[in-house]
Amino acid sequence: MKTLLLLLISFLSPFILFSQGIGLPFSRYYSSQEYQGGIQNYAITQDQSGMLFVANNYGILEHDGTSWRRYALPNGAKTRHVQVDHNGLVYVSGQGDFGVFIPDDLGQLIFTSFKNKLPEVDRDLGEVWKVYVGNSEIYFCTSNTLFVFDKTQQFIGKIESESAFESFHYNNSLLFVNELGNGLKKLQNGRLIPLSAEKFFGNKLVTTIFQTTQDKYLVFTRDEGIFTINGDLISPWTSENSLTINTALMLRNGHIAIGTQLNGLMIVDSFGETILKFDKNNGLNNNSIVSLFEDLSGNLWMGHNNGLTMVQLSLPFRKINQYSGLTGTGYSAYLNNDKLYYGTNNGVYFQEQNKESWSPISMIPNSTGQVYQIKSVHNELLVAHNDGAYAIKNNKAERIEGPSGIWNFQSLRGSSTLILVGSYTGLHLYEKTPTGVKYLREINGFNESSRIIEQDDRGYIWVAHGYKGLYRLELDSRKENVTVEYFGPESGLPTSILNNVWKINNRLVFTTQAGIFKFNELTSKFERDEFFYPYFDGGFLAHFLVEDQMGNIHFIGESEIGVLERKVDGSFKKIYKVFNQLLPLLNDDLQNISSIQGNQILFGANEGFITFNLNENNYQASNFPTLIRAVYLTGPSDSLLFHGSSITENNLHHHQSASQVPRIAYNKANIRFESSNPIPNNEKELRFQYWLEGLEDSYGDWVDKSEKAYTNLREGKYTFHVKSRNLYGEVSPAASYTFRILPPWYRSGLAYFIYFILLVVGIYLIYRLIEKRYQQKAQRLKTASRKVIEEKDSELKITQAEIEKLKTEKLKQEISLKDKELATATMHLITKNGFIDHMRNNLNSITKKSKNQEVKNEIQKVIKNIEKNIAEDQDWEQFEIHFDQVHGDFMSRFKKEYSSLSPQEIKLSAYLRMNLSTKEIAYLMNISIRGVEIARYRLRKKLNLERSENLQEYILKF
């Protein structure tokens, strides 16, 4: 039964509190001074990168989550509507013009009009009220005509009204128009078809239409309420018709947001039941709402007649503050039956649930002052107050006689009537009686401030003092005195400061500056509690812990807020990122979490309370990419390089394109980047990390500045990278921007070429100079050397002349000697041959005279031997050697030149060289003088001499 009850409470709790309108959503108002535009905002849209676009009196507003930009139409006219297609192109309609905004070369959005694409007869335009981007067409709507363009931005046709178009609506990929006198129609197959047979809406101003089912529509009129169309049946949707409805929007969760002229915002469910009213009475800055838009993060944007408001409906938090009727800082809250009580520094407030709504918040009379705790003990609703203990009865606070300065109440363990009370100066006992709660007495033995009290299973009372440590008290049997045991650092606690005690999972846990501990009864020491190991690090400091009825553990830490959500299997899931934005909002005096029921809690805040419902925690932060919004060259006046957008193949991007890499002069190499992330209402919590590739090695530390500047960059290619981290610790994809710094003129390529030429010329001139100096020096050395050489040469010439003279004389002597030897050899040969010839002649005479044939034969043999001896004489070889030595190798040269000469002709030549007479040659060659003449003739022939040439002179000159 207990489990069933808890499940029932868990199921019903969202409807008991949040669905009934407890608290107000977080919101942010933007004035016209903040966004620097006109007061009225007619339409709002967003692209996939998270960039927000608003149709404003002064043009198109662009919001990147941090800053606003404004782009005006060329004629300065108002823009009436804005839409973004899936390519990111921004289409607008306005007074007398319509078209698209496209980035120029610097990334600035420039308006391109489509008016000139219309037929000449249609170009005189009045108001172009709406633009809608369909699946394949783009519609621009005027009071009399619908102009249709295709996705290539070419005009394809128009549809004219039979009377006049009073309003235009686009829902579920269908275009609806309300035609004056004819009622609602929808565009289908290029024709306007009536939505129903009746012309019910022909004289009504329709502000919004939803298609809820195939044939069912929900129609909102400005002055006559809300209707349903079901076939041809038209009926009122709700009985509420007192509102002036300007616009309505179907939210993603199925609820409907209604923007009114005088009553602000209303959110109703699918049955028309009011979930939220948000107007000037409870925090809305302006009650007049002319446009509504739900962004990608689930935030609801409202365009006012003066300003913009963003309502963070997707957050699981609501504020209960002065706009809800509650003033002061929140300290404690308590749900008692159908009444929710709030304790602040101003007193006790309450509101009561009446059927389907909650009453306004009212103050409990007689409760004025600082409240610390509201709690029901023994069915008595008690208030711990600076002025003492109070009981609330009949919506009035009654003071209970006793001490002032009460911190808290607890039912004393083991008693059904006694109440343990912590005060500024110790502990007290109160008692529940039939007539109410009465003060009994002070407990003796302990007089320290007792703001935090818990009791363990053994009956010990644990008191946590803010800066002295922990105390364990044992109450005596008469409940009058306590025995005190002190625990400090010697007992295992890190310090004596900021120690607290809480009851979690029916056991005591102790939070310290060094994490969460438990008490070991065996050792009487504190040790780390292993249960919390998976969820908190060793240095986690928890200021407050509370366990709700579902077993979830809620906590407030030094730098972290969250909940350990209990799962069905008993395990826990830590949820904390969504709570990050609460850190600066919570009560920083005495932190408090009040568990109301089920999965619902209230945080004590600096201004009232903040509610949280775990069942409604479906928030998923949008992780939009980091954007580089602008790049400037800085100097006396900044020069824009990039304005955040680019276009490629008709797709609009919020990053640099490949063709946009700038080349920057060296003397202008001072550059500044502006970055952002489109997450709404997050500009104060955004952190950035920068890296200039080409100058730095990696990303730097996280910083809160959205600008980064670099000065005096050297030449080279650089890529700037930036990452952003949002409030929830999520790091968005990085953005990058590439640029190139040109070298100074004296380090340019042309300069280096000139330097090379000058270097070559310089080297050449230096070489020539050195060479000239060297030549001069060499010339001087040469001149000096020449003088020395000439002197030496002169001396040498004299010496050589003497040597040559001596050599000549020696050669002459040698030649003379050789000539003598040659002459001697020649004479020897001549004498020898003459003698032999003479002997041969004598022997021939004897042969002729002798008659003895045998003697003749013998003499003939002798004659043949003599002739043979003359022919084979070996002295010729010796002659040749001497001859060549004397006549400069004449024989060798002559044989080489005239290789066809016979040995006899060679001998003849040698004899002619010796200038011998014919007779002498005849003797030497052993031939007749006639034979010498014949041999001379044959030799001339072989030497190819002319008749005029002298043979002997030729041989002498050879």
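Just so it is clear, the values below take in all heavy atoms, side chains as well, and ignore hydrogens, waters and symmetry mates.
Residue pairs meeting the side-chain hydrogen bond (donor to acceptor under 3.5 Å, both in side chains) criterion with at least one member in residues 207-216, sequence neighbours excluded: Asn172-Gln211.
Ring planes of Phe579 and Phe603: perpendicular class, angle over 60° (limits at 30 and 60°). Under the 30°/60° scheme for interplanar angles, the aromatic rings of Phe98 and Phe149 are found to stand perpendicular.
The two atoms that bring Phe155 and Val148 nearest to each other are CD1-O, 3.6 Å, heavy atoms only. For the pair Leu118 and Asp122, the tightest heavy-atom approach, listed with the atom from each and the gap, is CD1-O, 3.7 Å. Considering all non-hydrogen atoms of both residues, Asn41 and Gly307 come closest at ND2-O, 3.0 Å. In terms of heavy atoms, Ile209 sits closest to His169 at CG2-CB, 3.4 Å.
When each of Tyr91, Tyr170, Phe140 is paired with Tyr132, the ring-ring contact (aromatic ring centres under 6.0 Å, His included) condition holds for Tyr170 and for no other.
Here the side chain of Asn56 pairs a donor or acceptor atom with the backbone of Gln40 at under 3.5 angstrom. For Gln46 (side chain) and Gly50 (main-chain N/O), a donor-acceptor pair under 3.5 Å exists by modelled atom type. Of the possible donor and acceptor atoms, one in the side chain of His81 sits under 3.5 Å from a partner among the backbone N and O of Val131.
If you check the side chains of Ser595 and Asp548, you find no donor sitting under 3.5 Å from an acceptor. Side-chain contact of Tyr29 with Glu34: a donor-acceptor pair under 3.5 Å is absent, judged by distance alone. Counting only N and O atoms by type, the side chains of Thr142 and Trp129 include no donor and acceptor under 3.5 Å apart. Side-chain atoms of Asp279 and Asn287 form no donor-acceptor pair, as typed in the model, at a separation below 3.5 Å. If you check the side chains of Asp150 and Gln154, you find no donor sitting under 3.5 Å from an acceptor. In this structure, a donor-acceptor pair under 3.5 Å is present between the side chains of Asn57 and Tyr42. Between Ser732 and Asn677, the side chains place a donor N or O and an acceptor N or O closer than 3.5 Å (distance only, hydrogens not considered). For Asn281 and Tyr323, the side-chain atoms include no donor-acceptor pair closer than 3.5 Å.
Contact annotation: the side chain of Pro733 approaches that of Asn623 to within less than 4.5 Å [non-hydrogen atoms, C-beta and beyond]. Looking at heavy atoms from C-beta onward, Asn681 lies in side-chain contact with Met310 at the 4.5 angstrom threshold. With contacts defined as side-chain heavy-atom distances shorter than 4.5 Å, the pair Leu300/Leu249 qualifies. Side-chain contact between Arg566 and Met550 is absent, with no heavy atoms from C-beta onward closer than 4.5 Å.
Crowding of Lys117 atom NZ: a count of heavy atoms from other residues, nucleotides or ligands under 6.0 Å exceeding 12.
Considering CG of Leu602 and CD1 of Ile610, their distance stands at 10.0 Å, rounded to 0.5 Å. Note: Ile256 CD1 to Met266 CE = 11.0 Å, rounded to the nearest 0.5 Å. With values rounded to the nearest 0.5 angstrom, Leu614 atom CG is found 5.0 Å from Ile575 atom CD1.
A centroid separation of less than 6.0 Å is found between the aromatic rings of Trp301 and Tyr30. Residues Phe101 and Phe111 place their aromatic rings such that the two centres sit under 6.0 Å apart.
Stacking of Arg70 on the aromatic ring of Tyr58 is not recorded, the 6.0 Å distance cut-off and the 45° axial limit not both being met. Annotation: cation-pi geometry satisfied between Lys319 and Phe26 (NZ/CZ under 6.0 angstrom from ring centroid, within 45° of ring axis).
Between Arg28 and Glu683 a salt bridge is recorded (basic side-chain N to carboxylate O distance below 4.0 Å). We find that Lys573 and Glu565 are not joined by a salt bridge, their nearest charged nitrogen and carboxylate oxygen being 4.0 Å or further apart.
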Checking ring-ring contact (aromatic ring centres under 6.0 Å, His included) for the pair Phe147/Tyr139: CA distance, chi angles, key distance, verdict? CA-CA 6 Å; Phe147 296 108; Tyr139 307 99; over 10 Å; no

Considering only distance and modelled atom types, tabulate donor-acceptor pairs under 3.5 Å from the side chains of residues 183-201, sequence neighbours left out.
residue : atom : partner : partner atom : Å
Lys185  : NZ   : Glu179  : OE1          : 2.5
Ser196  : OG   : Glu198  : O            : 3.2

